[in-house]
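Below is one structure; the comments refer to it alone.
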Protein chains: 2
Amino acid sequence: MFVSHLECPKCSTSYASEEVQHLCTCGSPLLVKYDLDKVRENMTKEMVAGRAPDLWRYRELLPVVDEKNIVTMGEGMTPLLKLDRLGAEIGMTNLFLKDEGIIPSGTFKARGSAVGVSRAKELGVKTLAMPTNGNAGGAWALYCAKAGIECVVVMPKDAPSIPRSECAIGCATLYLVDGLISDAGKIVAQAVKENEWYDASTLKEPYRIEGKKTMGLELAEQFGWEMPDVILYPTGGGVGIIGIYKALNELKEIGWLEGDLPRLVAVQATGCAPIVRAWEAKAKESEFWDNAGTCAFGITVPKAIGDFLVLEAVYETNGCAIAITDEDTLAAENLLASVEGAFVCPEGAATLAATQKLFADGWIQSDERVVLLNTGCGIKYPETVQCDPPLLQPGETLPANG
Amino acid sequence: MFVSHLECPKCSTSYASEEVQHLCTCGSPLLVKYDLDKVRENMTKEMVAGRAPDLWRYRELLPVVDEKNIVTMGEGMTPLLKLDRLGAEIGMTNLFLKDEGIIPSGTFKARGSAVGVSRAKELGVKTLAMPTNGNAGGAWALYCAKAGIECVVVMPKDAPSIPRSECAIGCATLYLVDGLISDAGKIVAQAVKENEWYDASTLKEPYRIEGKKTMGLELAEQFGWEMPDVILYPTGGGVGIIGIYKALNELKEIGWLEGDLPRLVAVQATGCAPIVRAWEAKAKESEFWDNAGTCAFGITVPKAIGDFLVLEAVYETNGCAIAITDEDTLAAENLLASVEGAFVCPEGAATLAATQKLFADGWIQSDERVVLLNTGCGIKYPETVQCDPPLLQPGETLPANG
């Protein structure tokens with residue numbers, strides 16, 4: 001294991017990784033730092049290529065010390081699909097979909113929970129708690145079940161309902177709240193203090209991001225250890241975009257990647273776009289977004305604790321931030337399924353709508369290698385699809401035109 | 001491409017694979033035959049190991065001639081998970097889960113549709129039709145969308161509802177029927193005749209089974225080109241168990257596997273168990289099961305066209321057939337999630353209930369390598385989980401015990 005320490009990205013204070021750590025005393029999330037010289041000496045591309053197709057193939061860049069603590073359901077190495085039919089339709093020749101729907105629990109949240117729960121198990125955690133917009137709660141509940149860790153989840157009552165089933169069957173203790181994830185977050189903050197639980201809220205423990213980081217590692221490997229030009233990421237809490245940025249920088253430091261990082265695009269909904277507003281104002285942090293609401297429920301995060309890290313990733317890569325209407329998101333969800341057969345979640349669909357806008361604006365060129373990061377499967381969002389099929393009686397015949 | 005011809009397993013009549021073929025004139029399904037000597041000369045284990053982690057890594061044993069006709073969303077190489085916690089709980093040391101939930105559309109139906117649709121595209125099919133218990137319809141709709149093939153689906157009105165959304169967003173023409181899949185099948189049979197559509201009903205075209213076969217190829221590779229001792233398979237139409245049997249025999253013929261085949265177990269529900277009844281009577285075919293019904297909707301098939309092939313696979317491998325109550329199935333679904341974090345479909349859960357019974361009966365030994373084949377993700381069956389969480393107001397606190 002090559003973790004050297006935990007470090008605050010705001011005030012640079014160091015913390016020992018051997019103990020449970022949450023936020024820095026300055027209030028910032030902590031990031032995991034590795035001895036990258038040792039990683040470079042101990043890990044080769046050939047070793048990685050010969051390993052099983054899951055995220056643990058990058059174990060030298062992950063924080064679990066003892067392999068027996070790894071809690072895995074085979075998550076990772078999700079497909080990178082070239083979208084030739086859709087590309088031809090909209091005039092782009094190198095359009096790709098990284099499909100995080102093909103993973104346990106059906107969303108990218110499996111990555112954060114696999115690594116986060118594994119490390120929590122290693123640290124001896126008995127009970128953890130978290131607020132969620134749904135999918136993280138479902139994923140953490142199931143990985144905690146496998147790890148033998150008690151899991152307490154607080155979720156907005158308007159979140160999609162399928163993750164409730166995941167929490168229930170994973171034996172998590174689930175509460176709904178008549179509010180947003182920010183309200184759920186306050187309830188959890190109070191409860192972890194009172195009960196001395198492990199706080200697994202977004203970026204309040206340093207390991208979830210290490211799991212999300214593997215999306216960046218996989219993209220680099222799947223592109224033959226080259227960089228694509230643009231990655232569009234649906235941004236709520238933003239752990240994925242921070243993780244991808246961290247991953248690509250670590251790969252540069254160990255010499256596996258060269259050149260400029262891809263331009264990272266934070267995609268939000270017009271009904272909740274604090275990062276976009278901050279980016280437009282060239283600000284370093286975002287402001288709380290009042291009356292947040294969008295069909296892309298997973299990115300309904302009015303104020304992300306890691307907003308300054310998201311904005312840094314966007315600024316440093318010459319990326320941008322863009323807000324999409326629900327109407328455009330749902331149109332993109334339909335377009336992707338009807339042309340490419342990919343039934344993605346609204347959050348993922350928003351990245352296609354964003355690509356169409358940025359291409360029309362000239363910000364993306366037709367031959368650039370552009371990655372849509374779809375964070376979850378559409379089957380967790382059946383309510384986004386209109387369907388009212390006719391009912392036949394046995395023995396009836398179909399109309400001749402089908 | 002190494003397909004030599006299509007062959008009837010009942011009367012041995014040969015058919016050319018270059019043209020559209022459905023059933024043999026004797027009424028039996030047709031199977032794809034390969035020139036296995038040429039496969040042996042042209043395919044090595046090392047070649048396979050170096051390929052992408054999807055089912056097309058076995059392309060020499062698949063029926064698509066021109067790679068440009070491959071319609072893929074990255075399906076295959078699903079996880080094989082060792083269930084150590086559950087094994088310890090029930091007294092078995094080598095219990096495995098092959099998790100077909102981690103695949104596009106969330107069920108193993110993606111395999112049959114990927115290969116079936118690719119070959120249909122290659123054969124120039126414009127419109128195809130099929131009856132389904134839900135998941136096959138959803139998967140074929142989406143792969144057809146990607147292939148540019150019109151897809152007509154007829155589904156029982158009581159089938160789980162999420163596949164309706166897959167059909168709708170994949171632009172399939174969907175009908176519900178107030179009856180069972182057997183009623184849907186009759187409607188499709190009439191419609192394909194009247195409209196000259198391609199009949200994609202279970203085993204009425206020879207290529208779906210080639211896709212399903214890849215589950216057997218993957219299991220062999222994931223076990224290091226050795227055979228497990230027992231594979232339990234939830235059996236409706238039975239294409240998967242026929243496919244696994246075919247795959248393992250082909251691997252034996254090319255010399256990649258040795259020894260006895262695993263004992264194949266056909267798992268059905270007590271509410272629809274025609275294969276079990278036939279097996280108990282040592283019969284070669286099954287009888288239509290009246291008043292079929294089970295929570296494991298995917299295996300509600302009163303009379304499978306390939307029943308004789310399923311029974312052959314069971315008899316020839318010294319396997320067995322076993323029926324599970326819905327109560328035991330739902331208990332197994334909960335057990336698997338609460339101990340291993342795996343949220344599986346009821347059909348998959350039935351294989352765990354069957355294992356528990358067969359182990360208690362002494363038919364399975366504690367150290368045998370036993371594979372539960374889970375055919376789909378539980379998130380497509382949220383209604384199988386009871387969930388009634390308390391609702392909090394913002395600012396409320398959690399009870400101290402969580």
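Here is how names work: the chains are called A, B, and so on, in the same order as the sequence lines, proteins then strands, and each is numbered from 1.
Distance OG1/B:T107 to CD1/A:I379: 8.5 Å, rounded to 0.5 Å. B:I102 contributes atom CD1, which lies 11.5 Å from atom OG1 of A:T78 (distance to the nearest 0.5 angstrom). In this structure, CD1 on A:I187 lies 8.5 Å from OG1 on B:T397, to the nearest 0.5 angstrom. Taken to the nearest 0.5 Å, the CG atom of B:N195 stands 7.5 Å off from the CG atom of A:L398. Interatomic distance, A:Q393 CD to B:L176 CG, rounded to the nearest 0.5 Å: 11.0 Å. Atom CG of B:L86 is separated from atom NZ of A:K146 by 9.0 Å, given to the nearest 0.5 angstrom.
Interface remark: of the candidates B:P394, B:A168, B:P163, B:G179, B:P394 forms the most heavy-atom pairs closer than 4.5 Å to chain A. Put simply, of B:G148, B:G106, B:G395, the one with the most heavy-atom pairs under 4.5 Å next to chain A is B:G148. Of the residues considered (B:D388, B:V188, B:L142), B:L142 shows the highest number of contacts with chain A, using heavy-atom pairs under 4.5 Å. The most heavy-atom pairs under 4.5 Å with chain B, out of A:E396, A:K186, A:Q190, come from A:E396. For the set A:V339, A:L97, A:D99, A:T127, the count of heavy-atom pairs under 4.5 angstrom toward chain B peaks at A:V339. Counting heavy-atom pairs closer than 4.5 Å to chain A, the top residue among B:V154, B:L392, B:L174, B:V385 is B:L392. Comparing A:C171, A:G341, A:G170, A:P53 by how many heavy-atom pairs each has under 4.5 Å with chain B, the most go to A:G341. By number of non-hydrogen pairs under 4.5 angstrom with chain A, the leading residue of B:G74, B:S165, B:S182 is B:S165. When each of A:V71, A:I169, A:L180 is checked for heavy-atom pairs under 4.5 Å with chain B, A:I169 comes out on top. Counting heavy-atom pairs under 4.5 Å between each of A:P382, A:A191, A:P390 and chain B puts A:P390 at the top.
Contact of A:D183 with chain B is made through the side chain alone, with heavy-atom distances under 4.5 Å. Only the side chain of B:L81 comes within less than 4.5 Å of a heavy atom in chain A; its backbone stays farther off. At a 4.5 Å heavy-atom cutoff, the contact between A:V177 and chain B is made by backbone and side-chain atoms alike. Interface residue A:T72: only backbone heavy atoms are found under 4.5 Å from chain B. For B:N334, the parts sitting under 4.5 Å from any heavy atom of chain A are the backbone and the side chain alike. Proximity to chain A (any heavy atom under 4.5 Å) is restricted, for B:R85, to the side chain, taken from C-beta onward. Both the backbone and the side chain of B:E333 come within contact range of chain A, with heavy atoms under 4.5 Å apart. Proximity to chain B is limited to the side chain of A:E194, based on heavy atoms less than 4.5 angstrom apart. Heavy atoms of A:S105 lying under 4.5 Å from chain B belong exclusively to its backbone.
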Next on the checklist: Could you go through A:I162 and B:I162, starting from their C-alpha distance and side-chain angles, then the distance that decides it, and tell me whether this counts as side chain to side chain contact (heavy atoms under 4.5 Å, CB included)?
Outcome noted: CA-CA 11 Å; A:I162 293 177; B:I162 293 178; 3.8 Å; yes
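Side-chain atoms of B:D54 and A:P79, non-hydrogen and from C-beta on, never get closer than 4.5 Å to each other.
Counting non-hydrogen atoms of other residues, nucleotides and ligands closer than 6.0 Å to NZ of A:K45 gives a total above 12. Counting non-hydrogen atoms of neighbouring residues, nucleotides and ligands closer than 6.0 angstrom, the CD atom of A:Q222 exceeds 12 such neighbours.
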